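Notes for the one structure printed next.
Computed from a prediction, not measured in an experiment: that's the story for all the values here.
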Amino acid sequence: MNLDFSLPCGDPFVENGRLGLTEFAKKNKFKDEDELKANLERILKLYTQIWAQSKLSSFWLHGANKRPAKETLKKIDEALKNKPIIDSPCVCCGKKEVISTEISSADRTILPLGFSAPNSNFSSSFQEAMICKNCFISLLALPLNTVQVDGKLLFIRSSNEINGYWTEKNIREIDKMFFLSPNESLIISETRYIENFIYIFLEELVENVPNSVRNDISFYHFTNFGASPDIQIYHIYTDLISFMQEISPKYLKDQISGNKKVLNLWNNIVRSSFKFLKLENDELYFQDKKEYKNISFNDAKKLYKNVLISKFINGKDIRRILIRKFINDMKDETNEEKLKDLAQAYRILIFKYLIKVKHMNKERLDFLKKVAAKIATLQNAKKRLNELGRQRTLSEFRTLLIRIFQDYAKESNDKLLFSADDFVLKILPADSYFAETRDILFVAIFEQMANSLTEDEIDEMKIIQGEDNE
């Protein structure tokens, strides 16, 4: 058989198992079948002796640890000795070298989310043997390179560098199990919710893998158990990873002066978005019977659902959460010197989100900032700012813009707040919701006027949900 496991395969399950095998063995090419079998024997020892509980049914319909390791190894030995059926292509890699054996038929006993036995009716060519030797062995190693999160199993597919980071981290945990046995089984994450796990992983990634922003990442969250196998794929695009990198304290430190609240602005917003946790003086508390107990931010990310993280990871718009927190923080900040810096920090954060994640044109954003600066010079700017956040529909917003346009024409020497082309192409373009423009103007005007607004005036302000309901 081919003892070279260095070549990638198109099937994500096989590929993840292949990487787990090669990292576990610390090589991707084996000198002979005996060396390969020695590694498989160690893997089966892990499954059948070190893992105290049987959890492999989440991978395979009849888990490998349902039978003794020696019996399974004997079946594998038989499979490797069988001559390949040249005419039948492997369903995973396409090679026409499949093997025929009861444990390599490519049904759900070995291939997660695969076919039901008898499986020949589910293949395009009605073949019974469906998987080659290398893919079969790679699938056997799949549990080494997955993490149990939120009741299902998880692995990733991305660039070689990111895949390597994921695999090395998992195999370090697997290696420990041989010295700290018995273990419950599998690599079980302390993080309860899948979105939180992905978010924490991305945080670690932007710190440890500098080139991670160049590649998308797909997270495969699946179970092969029982009558209801299931998978959900979370695809994280590079723009979201890039945004996370640029809002990290390292980046903000180069952009904004050293106010601690400014540097940790994003984390403050995340901290305020946990369900069932109380936030008081930047500290988080959970209710234990009749009393509240403190919980760290890192532990909260592992144990409690977070509205912002959930929306962010699932690709939903978080603009409204940012705006509401912006207004609340403006109301709470009593230090006039810090108020302007805080408004500036929020403007940078929100605008960066719009450019990086929502793909807003920077030229349009710069134009709206200039319009906002002009509106802030009006005598009734405070009144217009308050009205701006209350516009619920496009027609209401359009009417207010015309009134502001008239105000500016009366007070300014240049008369024109914006041209007709600007109105159509930059303020209310066809591919944008009006609430997006409204929110941008609100934040930019507020930043310009931050130091001239009284506490009562800030308290009166609010931003309501527009008709672009996310």
Please set out all donor-acceptor pairs under 3.5 angstrom arising from side-chain atoms of residues 423-432, sequence neighbours excluded.
residue : atom : partner : partner atom : Å
S432    : OG   : E436    : OE1          : 2.7

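The closest side-chain heavy-atom distance from K301 to T191 is not below 4.5 Å. A heavy-atom distance below 4.5 Å is not found between the side chains of C9 and S138. In this structure, the side chains of F155 and N145 stay at 4.5 Å or more apart for every pair of heavy atoms. Two residues are said to be in side-chain contact when any heavy atoms from C-beta on lie closer than 4.5 Å; L342 and L265 meet this criterion. No side-chain heavy atom of F274 sits under 4.5 Å from any side-chain heavy atom of L279. Here the side chains of D150 and F197 are not in contact, with every heavy-atom distance at 4.5 Å or above. A 4.5 Å side-chain heavy-atom check between I440 and I350 finds every atom pair outside the cut-off. For the pair I313/L202, a side-chain contact is recorded, criterion being any heavy-atom separation below 4.5 Å from C-beta on.
Looking only at distances, a side-chain donor or acceptor of E411 sits under 3.5 Å from a matching main-chain atom of Q379. Panel note: side chain N170, backbone V147; no donor-acceptor pair is recorded below 3.5 Å. At least one donor-acceptor pair under 3.5 Å links the side chain of N294 to the backbone N or O of L284. Panel note: side chain N16, backbone P12; no donor-acceptor pair is recorded below 3.5 Å. Under a 3.5 Å cut-off, the side chain of N281 and the backbone N or O of E283 do not form any donor-acceptor pair. In terms of modelled atom types and a separation under 3.5 Å, the side chain of N306 and the main chain of V270 share a donor-acceptor contact. S272 contributes a side-chain N or O that, together with a main-chain N or O of I269, makes up a donor-acceptor pair within less than 3.5 Å. In this structure, the side chain of K340 engages the main chain of E447 through a donor-acceptor pair within 3.5 Å. H221 places a side-chain N or O within 3.5 Å of a backbone atom of V149 that can act as its donor or acceptor partner. One N or O on the side chain of T167 and one on the backbone of N163 form a donor-acceptor pair closer than 3.5 Å.
Between F312 and Y353, the angle of the ring planes lies from 30° to 60°, which puts this pair in the tilted group. Between F326 and F442, the ring-plane angle classifies as perpendicular under the 30° and 60° cut-offs. Using cut-offs of 30° and 60° for the angle between ring planes, the F397 and F434 rings count as tilted.
With respect to the salt-bridge test (charged N to carboxylate O, under 4.0 angstrom), the residues E387 and R403 do not qualify. Salt bridge annotation for E15-R18: present, with a cationic side-chain nitrogen under 4.0 angstrom from a carboxylate oxygen. Of the charged side-chain nitrogens involved, none lies within less than 4.0 Å of a carboxylate oxygen, so that K383 and D407 do not count as a salt-bridged pair. Salt bridge status for K369 with D366: present, with a side-chain N to carboxylate O gap under 4.0 Å.
Here the shortest heavy-atom pairing between I43 and L140 reads CG2-O, 4.4 Å. Heavy-atom minimum distance, M449 versus A376: CG-CB, 3.9 Å. Minimum interatomic distance between A435 and R320 (heavy atoms only, all atoms of both residues): CB-NH2, 3.8 Å. Closest approach of M177 and I50 over heavy atoms only: O-CG2, 3.4 Å. Summarising the geometry of P143 relative to L186, their closest heavy-atom pair is CB-CD2, 4.5 Å, with the distance given to 0.1 Å. N215 and I241 get closest at one heavy-atom pair: O-CD1, 3.5 Å.
A distance of 9.5 Å separates CG of D422 from CG of L417, quoted to the nearest 0.5 Å. Of the inter-residue distances, the one linking I156 atom CD1 with I233 atom CD1 reads 13.5 Å to the nearest 0.5 angstrom. Between the CZ atom in R438 and the CG atom in L394 there is a gap of 11.5 Å [rounded to 0.5 Å]. Rounding to the nearest 0.5 angstrom, the gap separating the OH atom in Y408 from the CG atom in L416 is 8.5 Å. For the atom pair CZ (F297) and CG (N267), the distance works out to 4.5 Å, reported to the nearest 0.5 Å. To the nearest 0.5 Å, atom OH of residue Y199 and atom CD1 of residue I236 are 12.0 Å apart.
Of the residues listed (I131, N134, D11), the one engaging C90 in a side-chain contact (heavy atoms from CB on, under 4.5 Å) is I131, and it is the only one.
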Practice prompt. Go through the steps for D175 and K26 under the test salt bridge (Lys or Arg N to Asp or Glu O under 4.0 Å), then give the verdict.
Written response: CA-CA 12 Å; D175 288 340; K26 300 298 183 283; 3.6 Å; yes
Worksheet item: Where do E23 and L144 land on the side chain to side chain contact (heavy atoms under 4.5 Å, CB included) test, with the steps shown first?
Response: CA-CA 10 Å; E23 181 63 26; L144 302 178; over 6 Å; no
Worksheet item: Q448 and L385: side chain to side chain contact (heavy atoms under 4.5 Å, CB included), yes or no, with the steps?
Response: CA-CA 11 Å; Q448 294 287 329; L385 177 61; over 6 Å; no
Practice prompt. Determine, stepwise, if the pair R271 / L277 fulfils side chain to side chain contact (heavy atoms under 4.5 Å, CB included).
Written response: CA-CA 9 Å; R271 189 180 284 109; L277 291 183; over 6 Å; no
Item to complete: Go through the steps to decide whether F219 and F201 satisfy the test ring pair (Phe, Tyr, Trp, His ring centres under 6.0 Å), and finish with yes or no.
Response: CA-CA 11 Å; F219 291 80; F201 178 78; 5.8 Å; yes
Item to complete: Please test F286 against F276 for ring pair (Phe, Tyr, Trp, His ring centres under 6.0 Å), starting from the C-alpha separation and ending with a verdict.
Response: CA-CA 7 Å; F286 67 97; F276 311 116; over 10 Å; no
Discussion item. Does K325 form a side chain to side chain contact (heavy atoms under 4.5 Å, CB included) with D329? I'd like the steps, not just the answer.
Written reply: CA-CA 6 Å; K325 187 68 168 64; D329 282 358; 2.8 Å; yes
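In the model, N386 has a side-chain atom that pairs as donor or acceptor with a side-chain atom of R390 under 3.5 Å. Side-chain contact annotation: D414 with S412, donor-acceptor N/O pair under 3.5 Å present. Side chains of T437 and R364: a donor-acceptor N/O pair is present below 3.5 angstrom, by distance only.
More than 12 heavy atoms of other shown residues, nucleotides or ligands fall within 6.0 angstrom of atom NZ in K331.
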